[in-house]
Asker: 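Dropping the structure in here first, questions after.
Note that the coordinates shown come from a computational prediction; the quantities given were computed from them, not determined experimentally.
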Amino acid sequence: MKICVYEEVDNAVLKWMTCIRNNNLPISGSLIKEKAIYFAQKFGFIDFRANSEWLDKFKSRYNVVFKVICGESADVQENDCDTWKLNVLPKLIEKFNPKDIFNADETGLFFKCLPNKTLTFKNDKCFGGKHSKERVTLMVCSNMTGTEKQKLLIIGKSKNPRCFKGIKSLETNYDFNKKAWMTSLIFEKWLLDIDQKMSQENRKIILFVDNCTAHPRTLSIKLKSVTLAYFPPNTTSKLQPMDQGIINNLKVYYRKRILNKVISNLEQRTTITLRDCISEVSKTWRSDVTSETIKKCFFKAGFTNENIETDIEILDVQREWELVHCDGVTLQDYLKIDEDIAVYESPTEESIVEEVRKKENPDEFEEEDDEEEHAVEQSKLTEEDILNALSVVRNGFRQEANVPDEITVAHIANILLFADNVKLIVMICIVLTGIILLIIMDRDQAGPSRPKRACVGKFPNEREIQLLLDSDEEDNLFDFDDSGSECSVGILCDENSSESEDEVEVPNSFDDVSNCVTRPPQIVWQDNPNLQQFPFTKQKQLLVPIPGEGNPYDFFRFLLDDTFLNLLVNETNKYAEYEFLRLAANPRSRISLWKPVTPEEMLTFIGLTIHTGTIQLNRINDYWKKHHLFNLTCFSNYMGRDRYLLIMRNLHFSDNSVDSNDSDRLFKIRPLIDYFNNKMNNVYYPGKELSLDESMVLWRGRLLFRQFIQNKRHKYGIKLYMLTEPNGIIIKFAVYTGASDDLGGKGHAANVVLHLMDEKLNTGHSIFMDNFYNSYDLAQKLLEKNTYCTGTLRANRLNTPKDVVTAKLKVGETVSKYSNNVMIGKWKDKREVTYISSEFENDMVPTTNRKGRETLKPLPIKQYNKFMSGIDRQDQMNSYYPFTRKTIRWYKKLGIHIIQMLLLNSYNLYNQYNIGKTLSLYDFRIIVLSKILPKSEKPSKSLSIEKHIPSTHGMGGNGRNLRKRCQLCYKNGIRKDSTYYCDACPTKPSLCITTCFQKFHTQ
C-alpha cells in the first residue's frame, strides 16, 4: 500500500468516516473533502488540496467499506441472529480448529467499589468525572475450548500509578488513557501482539469482536495470522460468547475475592489499589473462570452443535454478603453495579486529531502519575489529627511506653503517610531520632550514678508543632530557642525539668543529626584530569607445570584431566543404568546392549566427537557408512556406530538421584561449569588486561532461558557471559538463566562483572567492557577494589554528565568530564561514541586504520579496540571446526561446547608457553587427535582357520535347530540361513558351513 505525504490527514479522515458510518449517517464525497481540509488545517498542512484526485486515491488506498453500524443497546432481531448462526457463522469457522476460534470483548469494572460505596456508583455509566479513577476497562479473550485464555488487558487512567512503584512485572497487560477506556490505538496494539504471537506459533486463528468504534475494520490488512470477524449490528447480546456468562462469571468471582478481603480486615479500613485489582482479577481469570464455563457460553452463542449443558454455575456469595452488607444495598446491586459502564466513546473531531498526533508522537502525550493511589480516601488528615497523633506518641514514651505498641506504630504510620509538608517530615524524623536515643539511654545508662547532661531531652509540644506547620520559611525550621538551655535546636529542651530527671545529650544542629546517616558523595564534574593510579600486583603465568613433554596432547590433557573423564564416566554409567532399568523390558531397545563405559573409551568418544569438527558431515551416521563416497574407516576402527550413539544418548554430567535445587536451572550442567572455572583459576593467572562480553551457544529449541542477540553469529541460543584475555583464553564464564537467577534482577550487569571478576579483584587488573555493562556506579565499585574499567557507555546511564551527553561535536572533536577518578567522554567519528574510563585520560593519540592511514583517536577508544577482542576471537576460532551436534538435550550441547572451550584454551596456552614454533589450530587438533586415536592395524582376517571353529545356534522351542542369515551370502545378494556361526569372531557371524565359513576367514 502506497503511503501518502499527508498520512496524518488520511488517518484522521478514515477514523472520522468510521465513526459517522457507525452512527448510520450518510457521507458524500464533498463532505469527505471538507473534513480533510479541516483536519489538514489542524495539523498545520497549508499546502494540502482536497480535490477529486485526492479523493479517488484515498478510496483506492484504504479500500474503505462504509457499512459499519454500532450499537448494542438497540433491539435485537431474533431472525437476524438465527440467520447469521445458520448461514454465516458455519462458513466463517469451517476452516478453523475449535481451539483456534476466539472471542474478545471489553467490560468496565469499578475495581475500588466496596459494599458501602455501592449506592454512590449505582446507575453511573461513568463517561468521565469523579469516578473515572475508580474504574478500569478489561479486555477479555479466550478460545472456544477454554484451553487458551489470553492474558487480560487492563486499561487504567495513569501511565505509572504509584502503586506500581517497585513492581518489575504485572500479571496482566496494562495500558492507559485519560478516561480509562478502549480506543482504536490500544485495540490495534493489543491485536497486533496477538497476531505476532500466533505467527511465532505458526497458527491461523479467527477472532470475533463486536462492531464498536474502537474496533476499526481497517486493521484486517495489517494482520498475518489473525482473521478478524465482526458480529452483526445490535446482536452481540445474543451472539457474543463473552456476553453469555463469561464476563459475568469473572466479575462475580472478583467481587467474592473483594468481599473476603473486607471480611479479613473488618477492624480496619479496606482499600483496593489498582495493583490489588490487577492481582485479584488475574487470579480470578486464571483459576476461577473454568474451561467448562467458557465452552457452555460458546455453545449458548451458537458456535458449536455439541450437546452441552448450558446451565452456567454462578458463584454463591450470599454468606460473605451477610457479613459486610450495608442497609439499602442489595447483593444484586453490588454484583451488577458496573453492568452498563461505558468502555469506549464516539470520538469528536478534536479527539481524532489528538489521537492521530499521539500515534505519531507518543512521548508528547504521556499521562502523569496518579496522585491518589497512595491515599486511603480522597481527603487527607487535618493538622489537628496530626497534632493529636504526635501527642499520643510523645505522652506514650514519657510514661515509659505504656501505650500499646500497635497504637503507637499506627499513629507514627499515619503521620508519615499523610505528611505532605517537607518541614513536617523533617521534624518527625528528629522526634523519632530523639525517641530512639531516649530508649537507648534509659536501657544502657539507667540509675542515679549516670553523669548529668547539659541538655534535657523533650518532645515538641502542640504549640511548637503548630508553629512549624504555620511557618512558610525553611529558615525557621530549627529556630525554637529555650533560654537557659545550652542546646537550641534538635530535640527541644525543657527549662523547668529537674536535675534528677533522665537527661539526654542530643546534637546541637540538624547537620550533626545528619552525620549519622551515610550519604553518597556528591558528583561534581570538572575538566581537569584526576585519575587514580595503582600497580598490577600479579604476574601472567602458569601456576602449575605442564606434565609430560609439553606437546599439544599434554596441554590438552592438562586441562581435560582424569578428574573430568571420571566425572563423565561415572555420571554416564549412572544414567545408563537408570535408563536400562526403565526400558530394558523392551528387548528391541538399544539400551539393552549397554555396557559400562571406561575412562579410555570415554576419551576415545571425545576424540571422535572432536574429529567430527575436522571432517564435517551432515549426519552423524555418515561417519560409519560403507558407501564408497564415505568409507571413513578411522571412525569404525575405534568405535562402532551403535556404541557411539549409545554413549551420546546416555552422556550425562550430574547425578539425577540427588535432589536438585529447584532454583538452579543449570543443575544438569553445573559440575562442568564449576570444573572449568576452578581449573582455569588453579592452573593459570592472566595478564593485566581482561575483556568481558557475551557469547552464544546455538539453540533453536524450546528453552526457558533461550536468548536473542542480534549482532552474534548465532542469534538464538544460550547466552554465556565470558571473561577472557585479548588473545581469546577464557578465564571464567557464567550461563544466563533469566531474571530469577543469582545474577539477574536489578543491577544485573554489575552483578555479572563482579561475579566473573571475583578472584581477580584488588590486584590492579584493567577490564574492558561494552555499553551493556559500563556505568559510573560500576566504575566506582571497581575502583574501590583496585580495578580499572574502560569501554563504551550508554548516554542515558545514571550519573552521566549532561554536558557530555548534550554536546554538539564535529567529526574528530571530543569532550570529556572527570569526577572521583572516573572520566566520561564523547568523540565523534562517523557517529558519536560515549565512553568511560577510570584508567586513561581523554588524550588524542595517533592510530593507523586498516587502510594504512594515520588518524587521531581518544586513548580510551584506542585501548578498548586493542583489548576488547577476546570474546570475538574465541567465537571466531570455534567457528572453524565446530563439533557440537544437534541434540534434543540442551545440556549435552552445552557440555560439548565446554569441551570445545577447553580444547581452544589448551591451544592458546600451548602457543604461549611452547618453546618451539607456534602451531595453527588445525595442526594442533590433528596432533591431539593422533594421540587420542593412535594408528593401529586392524586384525587381519587371514588368521589360521584352525582357531575358528564352527558352533551351532542351539535348539529352538519347537525342538529344531535355530537358523540365522548367512552374512557372506547376504553380502552377495543371496538369502540363505545357516545353523552355524563362528564363536571366535567378535561379531559371531552366522555362516554357511560348506563354503562361506572358510571363505570368510581367508579373504
Asker: List in chain and number order the residues that pass side chain to side chain donor-acceptor pair (under 3.5 Å) with T284, two or more places apart in sequence or in another chain; answer none if no residue qualifies.
Answerer: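 Side chain to side chain donor-acceptor pair (under 3.5 Å) check on T284 returns R257.
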Asker: Please identify each residue that fulfils salt bridge (charged side-chain N to carboxylate O under 4.0 Å, His left out) with K893, with sequence neighbours left out.
Answerer: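 By the salt bridge (charged side-chain N to carboxylate O under 4.0 Å, His left out) rule, K893 matches no residue at all.
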Asker: Search all heavy atoms of K159 against all heavy atoms of Y174 and return the closest pair with its distance.
Answerer: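 In terms of heavy atoms, the two residues are closest at O-CE2, 3.9 Å.
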Asker: Checking S279 now: which residues fulfil side chain to side chain donor-acceptor pair (under 3.5 Å) with it, not counting sequence neighbours?
Answerer: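 With neighbours one apart ignored, the set is empty.
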Asker: Identify whether NZ of Lys or CZ of Arg in K35 sits under 6.0 Å from the centre of the six-membered ring of Y38 and within 45° of that ring's axis.
Answerer: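 Ring-cation test returns yes.
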Asker: Can you name the residues that form a side chain to side chain donor-acceptor pair (under 3.5 Å) with R286, not counting sequence neighbours?
Answerer: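 Scan of R286 (side chain to side chain donor-acceptor pair (under 3.5 Å), adjacent residues dropped) gives S282.
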Asker: For D875, what residues pass the salt bridge (charged side-chain N to carboxylate O under 4.0 Å, His left out) criterion, not counting sequence neighbours?
Answerer: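 Result, salt bridge (charged side-chain N to carboxylate O under 4.0 Å, His left out) vs D875: none returned.
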Asker: Between the side chains of E171 and R275, is the shortest nitrogen-to-carboxylate-oxygen separation below 4.0 Å, so that they form an ion pair?
Answerer: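 Salt bridge between R275 and E171, a charged N being under 4.0 Å from a carboxylate O: yes.
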Asker: So, using salt bridge (charged side-chain N to carboxylate O under 4.0 Å, His left out) as the criterion, who are the partners of D770 when residues are at least two apart?
Answerer: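 Expected list: none.
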Asker: Excluding sequence neighbours, so at least two apart, what forms ring pair (Phe, Tyr, Trp, His ring centres under 6.0 Å) with W699?
Answerer: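 Applying ring pair (Phe, Tyr, Trp, His ring centres under 6.0 Å) to W699 gives none.
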Asker: Could you work out, with ring pair (Phe, Tyr, Trp, His ring centres under 6.0 Å) as the rule, every residue matching F208, not counting sequence neighbours?
Answerer: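 Ring pair (Phe, Tyr, Trp, His ring centres under 6.0 Å) list for F208, sorted by chain: F231, F303.
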Asker: With sequence neighbours excluded, tell me which residues meet ring pair (Phe, Tyr, Trp, His ring centres under 6.0 Å) with Y230.
Answerer: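 Checked Y230 against ring pair (Phe, Tyr, Trp, His ring centres under 6.0 Å); zero matches.
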Asker: Under 3.5 Å, side chain of K224 to main-chain N/O of M198, donor-acceptor pair present?
Answerer: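 No: the side chain of K224 does not pair with the backbone of M198.
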Asker: Checking K189 now: which residues fulfil salt bridge (charged side-chain N to carboxylate O under 4.0 Å, His left out) with it, not counting sequence neighbours?
Answerer: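 With sequence neighbours excluded, K189 shows a salt bridge (charged side-chain N to carboxylate O under 4.0 Å, His left out) to D175, given in chain and number order.
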Asker: Tell me, please, which residues at least two apart from K668 pass side chain to side chain donor-acceptor pair (under 3.5 Å).
Answerer: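 So K668 forms a side chain to side chain donor-acceptor pair (under 3.5 Å) with N656.
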Asker: Of the non-hydrogen atoms in A301 and Q244, which two are nearest, and what is the gap between them?
Answerer: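 Shortest heavy-atom contact: CB-CG, 4.1 Å.
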Asker: Taking atom CZ of R794 as the centre, does the number of heavy atoms from other residues, nucleotides or ligands within less than 6.0 Å exceed 12?
Answerer: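 Atom CZ in R794 is crowded, with more than 12 foreign heavy atoms closer than 6.0 Å.
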Asker: Give a yes or no on whether the backbone of T290 and the side-chain of K295 come within a donor-acceptor separation of less than 3.5 Å.
Answerer: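 Side chain of K295 to backbone of T290: no pair is present.
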Asker: Report all side-chain donor-acceptor pairs from residues 83-99 shorter than 3.5 Å, counting only partners two or more places apart or in another chain.
Answerer:
{"residue": "T83", "atom": "OG1", "partner": "N79", "partner atom": "O", "Å": "2.8"}
{"residue": "N97", "atom": "OD1", "partner": "K99", "partner atom": "N", "Å": "3.1"}

Asker: Count the heavy atoms of every other residue, nucleotide or ligand shown that sit under 6.0 Å from NZ of K715, and state whether that count exceeds 12.
Answerer: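 Above 12, so yes.
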